[in-house]
Amino acid sequence: MFDRVWMNAHLATMNGPPEAPLGLIEDGAVACRGGRIAWVGRRADLPEAAGETVDCGGAWILPGLIDCHTHLVFGGNRAAEFEQRLAGATYEQIARAGGGIFSSVRATRAASSRELFEGALLRLQGLMSEGVTTVEIKSGYGLQLESELKMLRVARRLGEVLPVEVVTTLLAAHAVPPEFPGGAEAYARHVAEDIIPASVGLADAVDAFCEGIAFSPAQTARVFAAARAAGLPVKLHADQLSDLGGAALAAAHGALSADHLEHANPQGLKAMAEAGTVAVLLPGATYFLREARLPDIAAMREAGLRMALSTDMNPGSSPARSLLLMLNMGCTLFRLTVEEALLGVTRHAAAALGLRDRGMLRPGLRCDLSLFQIARPAELCYWLGGNPCQGRVLGGREAASSTGE
């Protein structure tokens, strides 16, 4: 007997053939046993009874949505800088006045763990209310050992208190702290030799920002080598502002994902596809920064590269608090198809985090579900604003979007 069956629903399994990858099933059912999906199919073919049935009222069921690239733990915000930019101030002027990423670093260092937790809690609850069941949270606004670990501990605590799965990523190689002697080379060595070993047990992966304003390919490779020595997989902020060969670098190191990729060349994208590295697209940053350069989606398709989609929620370049809005932006700005966008927040987002136990409605995987009151899956990419999420299921049990306290 199944523990529970969700019935009177339509399914987007994300497990269909290449010509119909959403794997749509009208009038379907999902059965759960022991927190795992035990059966998926047409309701008429349901093979056995259930201890409990849930009437979904004609909702569409998708695998639990996954936001695979966020920076949602940070102190303060940069709304004042946004206002200054609208009034004509340049990034250089704002940075000279103490703004930019280092204003977030100062605020994050100064904030207590409790303050960071309370700010992140509200942002994460907003994502959960839209159907997100798994979220990746990066550090990167501490840029010193204790502050980076503080951010990771807060991220871990969020996953303990809220009904959501949190995956943590150490992004100590996000920028070079201005007070650090020796510049990027010395700080990259500090990250590799000191911060990464100290993060073992708190971080699930290691990320770096390979860019002219951050770390060179050689410095990034040093960070990656230390991550692998610590048993941690790697990810990369790659080719966002220029083509430094970040896509190929990520592929050469077997990275789970390379993210941004606005300037990545076709050869690097092909190398990613061959290595199994996922491209994570971040349209919120493109929109907010009003960037003209877009990722080469045609080259990604030609290479057979898996594409994920995420909010990049952060205080400086993508203060995006809605994954559903990113579905629309991915389609309108990057010209993704509905199928590509929805796979990008489910199956391919799971792959970008190295999670093989979720992202599809398939027997044996975690029973993480998102339920939406819509007439067809394309509506999730179509509407600007509004939230049709009817509920979430985490590990086979209904999950609220709050602490429950």
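Fair warning: this is a prediction, and the values are worked out from it, not measured in the lab.
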Salt bridge (Lys or Arg N to Asp or Glu O under 4.0 Å) between R153 and E160, worked out
CA-CA 11 Å; R153 291 190 188 102; E160 294 166 359; over 6 Å; no

Could you tell me which non-hydrogen atom of I94 sits nearest to which non-hydrogen atom of A89, and how far apart they are?
CG1-CB, 4.1 Å

Passes side chain to side chain contact (heavy atoms under 4.5 Å, CB included), T286 versus E262? Steps please.
CA-CA 9 Å; T286 298; E262 287 86 343; 3.7 Å; yes

Any donor-acceptor N/O pair, T220 side chain to S216 backbone, under 3.5 Å:
yes

R376 NZ/CZ over Y382 ring centroid, <6.0 Å and within 45° of normal:
no

E118 bridged to R114 by N-O distance under 4.0 Å:
yes

State, to 0.1 Å, how close M313 and R321 come at their nearest heavy-atom pair, and which atoms those are.
CE-CA, 3.6 Å

If we ignore hydrogens and angles and just use 3.5 Å, is the side chain of T337 paired with the main-chain N or O of E340 as donor and acceptor?
yes

Can you tell me how far CZ of R347 sits from CG of L365, rounded to the nearest 0.5 angstrom?
10.0 Å

When you compare the side chain of L324 with that of W383, does any pair of heavy atoms fall below 4.5 Å?
no

Identified side-chain hydrogen bond (donor to acceptor under 3.5 Å, both in side chains) partner of S242 from the options H263, E211, R293:
E211

Side chains of S113 and K150: do they bring a donor and an acceptor to under 3.5 Å?
no

Nearest heavy atoms of V176 and A214, plus distance in Å
CG2-O, 4.2 Å

Do the ring planes of H71 and Y141 sit parallel (below 30°), tilted (30 to 60°) or perpendicular (above 60°)?
tilted

Considering all heavy atoms, the nearest D45-W39 contact:
O-CZ2, 3.5 Å

So does R85 pair up with E83, basic N to acidic O under 4.0 Å?
no

More than 12 heavy atoms of other residues, nucleotides or ligands under 6.0 Å from CD of E302: is that the case?
no

Start with the C-alpha gap between L249 and L244, add the side-chain angles, then the distance that decides, and say whether side chain to side chain contact (heavy atoms under 4.5 Å, CB included) holds.
CA-CA 9 Å; L249 178 67; L244 286 186; over 6 Å; no

Report yes or no: does T108 contribute a side-chain atom to a donor-acceptor pair with the main-chain N or O of G75 at less than 3.5 Å?
yes

Closest approach of C331 and A341, non-hydrogen atoms and distance?
SG-CB, 3.8 Å

CG/L170 to NZ/K235 distance, rounded to the nearest 0.5 angstrom?
13.0 Å

Any side-chain heavy-atom pair of S317 and D312 under 4.5 Å
yes

Atom CG of D207 and atom CG of L171: how far apart are they, to the nearest 0.5 Å?
5.0 Å

Give a yes-or-no answer on whether the side chains of E136 and T169 include a donor-acceptor pair shorter than 3.5 Å.
yes

Under a 4.5 Å cut-off applied to non-hydrogen side-chain atoms, are T13 and P63 in contact?
no

Going by atom types only, do E81 and S103 share a side-chain donor-acceptor pair under 3.5 Å?
yes

Side-chain donor-acceptor pair present, S104, R78, cut-off under 3.5 Å
yes

Tell me the closest heavy-atom pair linking L309 and C68, and the distance in Å.
O-SG, 4.4 Å

T311 vs L325 side-chain heavy atoms within contact, under 4.5 Å:
no

Step-by-step side chain to side chain contact (heavy atoms under 4.5 Å, CB included) determination, L72 to L158
CA-CA 11 Å; L72 67 80; L158 289 165; 4.1 Å; yes

Decide, yes or no, whether a salt bridge links R397 with D368 under the criterion of side-chain N to carboxylate O below 4.0 Å.
no

Residue pair E26, R42: steps toward the side chain to side chain contact (heavy atoms under 4.5 Å, CB included) verdict:
CA-CA 7 Å; E26 301 269 351; R42 295 190 311 140; over 6 Å; no

Answer yes or no: is there a donor N or O on one side and an acceptor on the other, between the side chain of E130 and the main chain of C389, under 3.5 Å?
no

Ionic contact status for E48 with R33, cut-off 4.0 Å
yes

Quick one, M128 and R392 - any side-chain contact, counting heavy atoms below 4.5 Å?
yes

Fit a plane to each ring of H174 and H237, take the angle between them on a 0 to 90° scale, and name the class: parallel (under 30°), tilted (30 to 60°) or perpendicular (over 60°).
tilted

Does atom CZ of F102 have more than 12 heavy-atom neighbours, drawn from other residues, nucleotides or ligands, at distances under 6.0 Å?
yes

Of the options E146, E115, E179, E148, which is the one that meets R109 in a salt bridge (Lys or Arg N to Asp or Glu O under 4.0 Å)?
E179

Got V30 and V5 here, is their nearest side-chain heavy-atom distance under 4.5 Å?
no

Non-hydrogen side-chain atoms of V345 and D67 separated by less than 4.5 Å
no

Could you tell me if the side chain of L294 sits less than 4.5 Å from the side chain of F334, heavy atoms only?
yes

